[in-house]
Amino acid sequence: KRLYEVPKLSVCAMRFTETARASILKAGGECLTFDKLAMRSPLGKGTVLLRGPVKARESERHFGKAPGVPHSSTAPHVRAKGRKFEKARGKRSSRGYKV
C-alpha cells in the first residue's frame, strides 16, 4: 500500500531516493541511518522493523509447477524471448493448441 501523504515519521534506512527523502522532510520527519538509530535507541525500544516483499525476486517467477503443465503460471528458463524460443505449439492457440 502506497502512502501519498506521508505523516511525520523518523525513518531509518540504508539509503533513500531523493523523492522519498523530500517527502519525509516535507512532512516534518527525519531520515536516519542505522548508526544514528543505534546511538538514539541502542536497545531498539520504540522502533518498528519493516521488510519489503520477499517474493518480489525475479527468480520466484520460475519456482512452482513445471512450465507447460496445465494450470501452471511458472515462467520457463529461456535463453531469449524471441520468436524461436518457446513460442510454438502448446504456447499459443494460433499455433495448434494452447495448454
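- Separation of atoms OH (Y97) and CZ (R89) is listed at 5.5 Å; rounding is to 0.5 Å.
- Between K65 and P70, the closest heavy-atom pair is NZ-O, 3.4 Å.
- Between R40 and S10, the shortest heavy-atom distance links the atoms NH1-OG, 3.9 Å.
- How far CZ of F63 is from CZ of R57: 5.5 Å, rounded to the nearest 0.5 Å.
- Taking every heavy atom of both residues into account, A80 and F85 meet most closely at O-CB, 3.3 Å.
- Listed here is the closest heavy atom pair of L9 and I24: O-CG2, 4.0 Å.
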From CA spacing to verdict: side chain to side chain contact (heavy atoms under 4.5 Å, CB included), V11, L32: CA-CA 6 Å; V11 182; L32 300 171; over 6 Å; no
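- Considering NZ of K98 and CZ of R92, their distance stands at 10.5 Å, rounded to 0.5 Å.
- Between K8 atom NZ and E30 atom CD the span is 8.5 Å, to the nearest 0.5 Å.
- Within the 3.5 Å criterion, the main-chain N or O of H62 finds no donor-acceptor partner in the side chain of T74.
- Here the OG1-CE distance, from T33 to M39, works out to 10.5 Å after rounding to the nearest 0.5 Å.
- Other residues, nucleotides and ligands contribute more than 12 heavy atoms inside 6.0 Å of the CD atom of E58.
- The minimum heavy-atom distance linking F16 with C12 is given by the pair CZ-C, 4.3 Å.
- Considering every non-hydrogen atom in both P7 and A27, the closest pair reads O-CB, 3.8 Å.
- Atom NZ of K81 is separated from atom NZ of K87 by 6.0 Å, given to the nearest 0.5 angstrom.
- Without hydrogens or angle criteria, S72 side chain to G68 main chain gives no donor-acceptor distance under 3.5 Å.
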